[in-house]
Novice: 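Please see the structure below; I have some questions.
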Amino acid sequence: MADEEQEQITVRKEKLERIRRLGVEPYPTTCQCTHSLKELREKFAELVKAEREVSVAGRVSTVRSHGKTCFLDLVGGEGRIQVYLRQDNLSDREWELHGLLDIGDIIGVSGTPMVTKTGEETILAKTLIFLTKALRPPPVVKETTDESGKKTLHDAFSDKEARYRQRYLDLMVNPDVRRLFRTRTRIIEEMRSFLDLRGYLEVETPVLQPIYGGASARPFTTYHHALDMNLYLRIADELYLKRLIIGGFNKVYELSKDFRNEGIDRLHYPEFTQLELYEAYSDYNGMMEIFEQLLVHIADTVFATKDFEFDGERFTIQPPFERLSIPEALSGKLGLDVMEASAKDLFSACKRHKLEVEGGWEWEEYFNELVEGLLEPNIKQPTFLVDFPQRLSPLAKPRADDPRLVERFEPFIMGVELGNAFTELNDPVLQRANFTAQESLRAKGDEEAQAMDEDFIVALEYGMPPTGGMGIGVDRLVMVLTDNPQIRETILFPQLRPK
RNA sequence: GAGCCGCUAGCUCAGUCGGUAGAGCAUCUGCCUUUUAAGCAGAGGGUCUCGGGUUCGAUUCCCGGGCGGCUCACCA
């Protein structure tokens, strides 16, 4: 809200002037701390015993003032500590400064660690300095604990719009949100170390691409002045990573953002983080193993458990994950052979199961509806959906025993699609034919159909070894592992329309 | 894009069957040297999301806009 200045801001500005009149700089350049708040708590007992003086800094989160004494809480990093100010322990000037303190200010305190008679670990302050005067009050969130130890938040800063628009406030006052984003970073770190340890090379490929490929989606378009041409923000990294496989890097991965110009909902976000990895002389079975091991690694290192909860239901990361053949599962459910069925058959099957479809669609569109409507929502435990129709998979290699299917899988947990992987198509002639088929879909108005990429075909003609490849939606994996049903909760600064 | 819902104090919310509004926390004043939603006593603070309509009078009713939430659609 643009500011007719609020009373609380005016008052704080006046305090700022009074601080300066005391000869104190409210925004000093340096601060010497002996411990972070987190370290302080970890070593508290020994510091009390040693009667060591410590210096710490943090943001004032609450103040409990009692005349000639004052308790306040400092927070920051992943720590919190109570500070005990006594008039008789401080200089007159410092005591006067304490009266100019507000919630949200950042201060430094030196003093001795002690435990109060209520058992609270506390710094008895000997000096007090301002590090930053806050001119706006943060949201005030308080917490009570009942006899059973159950915590209740009062006036939680919970409005999603406010939390996303001012994520710094969300992080400042909601420790769970800070924890979530630390966990997100830990997951990504462990993805890297898992792959690095297995000899994968992390690479960077173009975000700006002249031809967008590797997935079916509408791109963001931009313009390069010097080259006088349109470029697209990548929708996938796939075709460039495969060029690296052709070049002789046998194991590569890229961990970065892809962009798809589509709607936002609980599972979709236009700029999302994807891990893509490719391994020469592997295949989709190899990718399944890597997926399983990667999840086990993350579960062990980040969460130290294999049991997780999502949206009130439990799942366990315990390989081997179930392999569920889509045609078999669908055929069983519908009582007909879906691979032999006509578009019309699938249409009536959709109708029978009350899926919202219209007549005149392509076979694969009905097929998709059935997979999404009947199969995916029922997957709770980690599961690989396998045996996708070739017509839906222009970059995957057909199965030798049934070329109507490709060697492809999608991992699911709790109904959430976490990725997509296949044995990569390395037959340049077939690849060209698939692109051509996609082009004709595009000509019919399918905006998401893939574009012919002649340069990629040329690369394939030089010979790509048999290769397994996989993409993993990192935001979604974070969602599932942290029990967050909304993808935007896992993204630091979600896009909103300007107010 | 569609449907439903929301927008009131810094924060979380209540309320006005149409007569310009209230609570807790926060803020301000006073008291208080071990508190932890500290306490006690008092005070201030709002173009009730914006525009239009109906009306003597709209924050409240009606229409439209903005922003947001949820669900659905798109995103296989």
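In this text the structure is predicted, and so the values were computed from the model without any measurement. Chain A is the first sequence line, chain B the second, and so forth, proteins listed ahead of strands; every chain is numbered from 1.
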Novice: How far, in whole Å, is B/G22 from B/G45 if one measures between their C1' atoms?
Specialist: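 Per the computed distance, 13 Å lies between those C1' atoms.
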Novice: Whether A/K151 contacts B/A37 is assessed here as follows: a side-chain N or O lying under 4.0 Å from the phosphate OP1 or OP2. Is that the case?
Specialist: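 Answer is no, no contact under 4.0 Å.
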Novice: Do A/K397 and A/D283 sit within salt-bridge range, that is, some charged N less than 4.0 Å from a carboxylate O?
Specialist: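 Salt bridge between A/K397 and A/D283, a charged N being under 4.0 Å from a carboxylate O: no.
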Novice: Pick base, sugar-phosphate or nothing for A/A156, based on heavy-atom distances below 4.0 Å to the nucleic acid.
Specialist: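 The residue A/A156 makes sugar-phosphate contact but no base contact.
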Novice: Return the value, rounded to whole Å, for the distance between atom CG of A/L101 and atom C1' of B/U35.
Specialist: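 Computing the A/L101:CG to B/U35:C1' distance gives 16 Å.
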Novice: Within this structure, what is the CG-to-P distance between A/L374 and B/A76, rounded to whole angstrom?
Specialist: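 Checked: the CG to P distance equals 19 Å.
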Novice: When the aromatic ring centroids of A/F71 and A/Y84 are compared, is their separation below 6.0 Å?
Specialist: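 Between A/F71 and A/Y84, the centre distance is under 6.0 Å.
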Novice: Could you give the CD1-to-C1' distance, from A/I487 to B/C70, as a whole number of Å?
Specialist: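 Going from A/I487 (CD1) to B/C70 (C1'), I get 17 Å.
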Novice: Applying a 4.0 Å non-hydrogen cut-off, can you work out what A/Q166 is touching in the nucleic acid: base, sugar-phosphate, or nothing?
Specialist: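 Counting heavy atoms under 4.0 Å across all strands, no contact is made by A/Q166.
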Novice: For A/L395 and B/A76, what is the distance between atoms CG and P respectively, to the nearest whole Å?
Specialist: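 Atom-to-atom, A/L395 to B/A76, this comes out as 13 Å.
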Novice: Counting only Watson-Crick or G-U wobble pairs whose two distances fall under 3.5 Å, which nucleotide matches B/G68?
Specialist: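 Its partner is B/C5.
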Novice: Which whole number of Å gives the distance between the C1' atom of B/C48 and that of B/U16?
Specialist: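 Roughly 10 Å separates the two C1' atoms.
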Novice: Rounded to whole angstroms, how far apart are CG on A/D73 and C1' on B/U35?
Specialist: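 Between C1' of B/U35 and CG of A/D73: 10 Å.
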Novice: Inspect the contact between A/E17 and A/K13 and indicate whether a charged nitrogen and a carboxylate oxygen are less than 4.0 angstrom apart.
Specialist: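 Salt bridge between A/K13 and A/E17, a charged N being under 4.0 Å from a carboxylate O: no.
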Novice: Can you find an N or O donor on one side and an acceptor on the other, under 3.5 Å apart, linking the side chain of A/D159 with the base of B/G69?
Specialist: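 Counting by modelled atom types and ignoring angles, no donor-acceptor contact under 3.5 Å is found here.
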Novice: Report the distance from atom CD of A/Q495 to atom P of B/C67, rounded to the nearest whole Å.
Specialist: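 Distance, rounded to whole Å: 13 Å.
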Novice: Return the pairing partner of B/G18 with a 3.5 Å limit on both distances, Watson-Crick or G-U wobble; otherwise return none.
Specialist: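 Across all strands, not a single nucleotide pairs with B/G18.
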Novice: Assign A/Q82 to base, sugar-phosphate, or nothing according to its heavy-atom contacts below 4.0 angstrom with the strands shown.
Specialist: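 Counting heavy atoms under 4.0 Å across all strands, the contact made by A/Q82 includes a base.
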Novice: Rounded to the nearest angstrom, tell me the gap between atom CZ in A/R260 and atom P in B/C74.
Specialist: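 That distance rounds to 16 Å.
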Novice: Counting any heavy atom closer than 4.0 Å, what does A/R163 reach on the DNA or RNA strands: base, sugar-phosphate only, or nothing?
Specialist: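 Nothing, no nucleic acid heavy atom in range.
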Novice: With rounding to the closest Å, how many angstrom separate the P atoms on B/A73 and B/C13?
Specialist: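 Going atom to atom, P in each nucleotide, I get 29 Å.
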Novice: Can you figure out which of B/C11, B/C67, B/U35 approaches the side chain of A/T118 most closely?
Specialist: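 Nucleotide nearest to A/T118's side chain: B/U35.
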Novice: Under 4.0 Å between a side-chain N/O of A/R488 and OP1 or OP2 of B/C70, yes or no?
Specialist: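 Yes, within the criterion.
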Novice: Using a strict threshold of under 4.0 Å (side-chain N to carboxylate O), is an ion pair present between A/E407 and A/R399?
Specialist: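 Not counted as a salt bridge, because no side-chain N and carboxylate O are separated by less than 4.0 Å.
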Novice: Give one of base, sugar-phosphate or nothing for A/L496, where a contact means two heavy atoms less than 4.0 Å apart.
Specialist: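 Here A/L496 touches the backbone only, sparing every base.
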Novice: When you compare B/U29 with B/G18, how far apart are their C1' atoms, in angstrom units rounded to a whole number?
Specialist: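 Here B/U29 and B/G18 have their C1' atoms 38 Å from each other.
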Novice: Between the base of B/U35 and the side chain of A/E120, is one N or O donor paired with an acceptor at under 3.5 angstrom?
Specialist: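 No, the side chain and the base share no sub-3.5 Å donor-acceptor pair.
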Novice: Heavy atoms under 4.0 Å, any strand shown: does A/K117 hit a base, just sugar-phosphate, or nothing?
Specialist: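 Base contact.
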Novice: Closest-nucleotide mapping onto RNA chain B: is A/G119 or A/P139 further toward the 5' terminus? I mean the 5' end.
Specialist: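 Closer to the 5' end of RNA chain B: A/P139.
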Novice: Before accepting this row, confirm whether a basic side-chain N of the pair A/E121/A/R41 lies closer than 4.0 Å to the acidic partner's carboxylate O.
Specialist: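 Yes, A/E121 and A/R41 are salt-bridged.
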Novice: Looking only at side-chain N and O atoms, does A/R497 come under 4.0 Å of OP1 or OP2 in B/G68?
Specialist: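 The answer is yes; a side-chain N or O of A/R497 sits under 4.0 Å from OP1 or OP2.
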Novice: Pick the closest RNA chain B nucleotide for A/R218 and for A/K15 by heavy atoms, then say which residue is nearer the 5' end.
Specialist: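 Upstream on the strand: A/K15.
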Novice: Using the P atom as the point on both nucleotides, what is the distance between B/A23 and B/G44, in whole Å?
Specialist: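 Between the two P atoms, the distance is 11 Å.
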Novice: Between B/C28 and B/C5, how many Å separate the two C1' atoms, rounded to a whole number?
Specialist: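 Taking atom C1' in both B/C28 and B/C5, they lie 38 Å apart.
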Novice: Enumerate all atom pairs, one protein N or O and one N or O from nucleotides 39-49 of chain B, separated by less than 3.5 Å.
Specialist:
unit_1	atom_1	unit_2	atom_2	d
B/G44	N2	A/E7	OE1	2.7

Novice: Does a distance-only test, which skips hydrogens and angles, find a donor-acceptor pair under 3.5 Å between the side chain of A/T116 and the base of B/U35?
Specialist: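 Flag set: donor-acceptor pair detected.
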Novice: Determine the interatomic distance between P on B/C61 and the same-named atom on B/G15; round to the nearest Å.
Specialist: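 About 13 Å, rounded to a whole number of Å.
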Novice: State whether A/K142 places a side-chain N or O below 4.0 Å from either non-bridging phosphate oxygen (OP1 or OP2) of B/A38.
Specialist: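 Yes, such a contact exists.
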Novice: Counting only Watson-Crick pairs (N1-N3 plus N6-O4 or O6-N4) and G-U wobbles (N1-O2, O6-N3), all under 3.5 Å, who is the partner of B/G42?
Specialist: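 With both distances under 3.5 Å, B/G42 matches B/C28.
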Novice: Would you say A/R64 places a side-chain N or O within less than 4.0 Å of OP1 or OP2 belonging to B/A38?
Specialist: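 Checking B/A38 against A/R64, a side-chain N or O does come within under 4.0 Å of OP1 or OP2.
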Novice: Output the residues of residues 352-360 of chain A in contact with RNA chain B, where contact means a heavy atom of the residue under 4.0 Å from an atom of the strand; sort by number or write none.
Specialist: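 Per residue number, the list is empty: none.
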Novice: Does the ring of A/F388 carry A/R408 above it, NZ/CZ under 6.0 angstrom from centre and within 45° of its axis?
Specialist: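 The answer is yes; both the distance and angle limits are met.
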Novice: Which is it for A/L334 and A/L374 under the side-chain contact (heavy atoms from CB on, under 4.5 Å) test, yes or no, and what are the steps along the way?
Specialist: CA-CA 10 Å; A/L334 299 175; A/L374 302 182; 3.8 Å; yes
Novice: Identify whether any heavy atom of A/F367 sits under 4.0 Å from a base atom; if not, whether one sits that close to sugar-phosphate; answer base, sugar-phosphate or nothing.
Specialist: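 No contact.
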Novice: For the pair made of NZ in A/K68 and P in B/A38, what is the distance, rounded to whole Å?
Specialist: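 The answer, rounded to whole Å, is 22 Å.
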Novice: Mark yes or no for a side-chain to base donor-acceptor pair under 3.5 Å between A/D265 and B/C74, with no hydrogen or angle criteria applied.
Specialist: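 In this structure, the two groups form a donor-acceptor pair.
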Novice: Is A/H66 stacked on the base of B/A38 when the test is centres under 5.5 angstrom and planes under 30 degrees?
Specialist: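 Stacking is present between B/A38 and A/H66, given that their ring centres fall under 5.5 Å apart and the planes under 30°.
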Novice: Is it true that the side chains of A/T62 and A/D73 contain a donor and an acceptor less than 3.5 Å apart?
Specialist: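 Yes, a side-chain donor-acceptor pair sits under 3.5 Å.
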Novice: Should B/U34 form a Watson-Crick or G-U wobble pair with both distances under 3.5 Å, which nucleotide is its partner?
Specialist: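 Looking at the geometry, B/U34 pairs with no nucleotide.
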Novice: Measuring centre to centre across the rings, with the benzene-like ring taken for any Trp, is A/F384 within less than 6.0 Å of A/F412?
Specialist: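 For A/F384 and A/F412, the ring centres are not under 6.0 Å apart.
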Novice: Output yes when at least one side-chain N/O atom of A/R266 is less than 4.0 Å from OP1 or OP2 of B/U71, else no.
Specialist: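 For B/U71, OP1/OP2 do not have a side-chain N/O of A/R266 under 4.0 Å.
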Novice: Does A/E489 come within less than 4.0 Å of A/R163, counting only side-chain N to carboxylate O?
Specialist: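 Looking at A/E489 and A/R163, the cut-off is met.
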Novice: What is the minimum heavy-atom distance between A/F157 and A/D170, and which atoms define it?
Specialist: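 The pair with the smallest heavy-atom distance is CE2-N, 3.8 Å.
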Novice: Roughly how many Å apart are B/C50 and B/U33, using the P atom of each and rounding to a whole number?
Specialist: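 Looking at atom P only, B/U33 and B/C50 are 47 Å apart.
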Novice: For A/P498, answer base if it contacts any base atom (sugar-phosphate contacts may also be present), sugar-phosphate if it contacts only those atoms, and nothing otherwise; contact means non-hydrogen atoms under 4.0 Å.
Specialist: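 Here A/P498 touches the backbone only, sparing every base.
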Novice: When only distance counts, do a donor and an acceptor, one from the side chain of A/D88 and one from the base of B/U33, lie under 3.5 Å apart?
Specialist: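 Counting by modelled atom types and ignoring angles, a donor-acceptor contact under 3.5 Å is found here.
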Novice: Could you tell me whether A/E372 contacts a base, only the sugar-phosphate backbone, or nothing, with contacts defined as non-hydrogen atoms closer than 4.0 Å?
Specialist: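 Result for A/E372 = sugar-phosphate.
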Novice: Assign A/R408 to base, sugar-phosphate, or nothing according to its heavy-atom contacts below 4.0 angstrom with the strands shown.
Specialist: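 Base contact - A/R408 has a heavy atom under 4.0 Å of at least one base atom.
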Novice: When you get a sec, tell me which of B/C67, B/C74, B/U27 is the closest nucleotide to the side chain of A/R165?
Specialist: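 Nucleotide nearest to A/R165's side chain: B/C67.
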Novice: With the threshold set at 4.0 Å, does a side-chain nitrogen-carboxylate oxygen contact exist between A/R391 and A/E364?
Specialist: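 Here A/R391 pairs with A/E364 in a salt bridge, since their nearest N and O are under 4.0 Å apart.
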Novice: Indicate yes or no: does A/E362 engage A/K344 in a salt bridge with an N to O separation below 4.0 Å.
Specialist: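 Salt bridge absent between A/E362 and A/K344.
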Novice: Between A/K133 and A/D102, does any NZ, NE, NH1 or NH2 come within less than 4.0 Å of an OD or OE carboxylate oxygen?
Specialist: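 Looking at A/D102 and A/K133, the cut-off is met.
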Novice: Look through every strand shown and name the nucleotide pairing with B/G51 as Watson-Crick or G-U wobble, where both distances are under 3.5 Å.
Specialist: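 The base-pairing partner of B/G51, which may sit in any strand shown, is B/C63.
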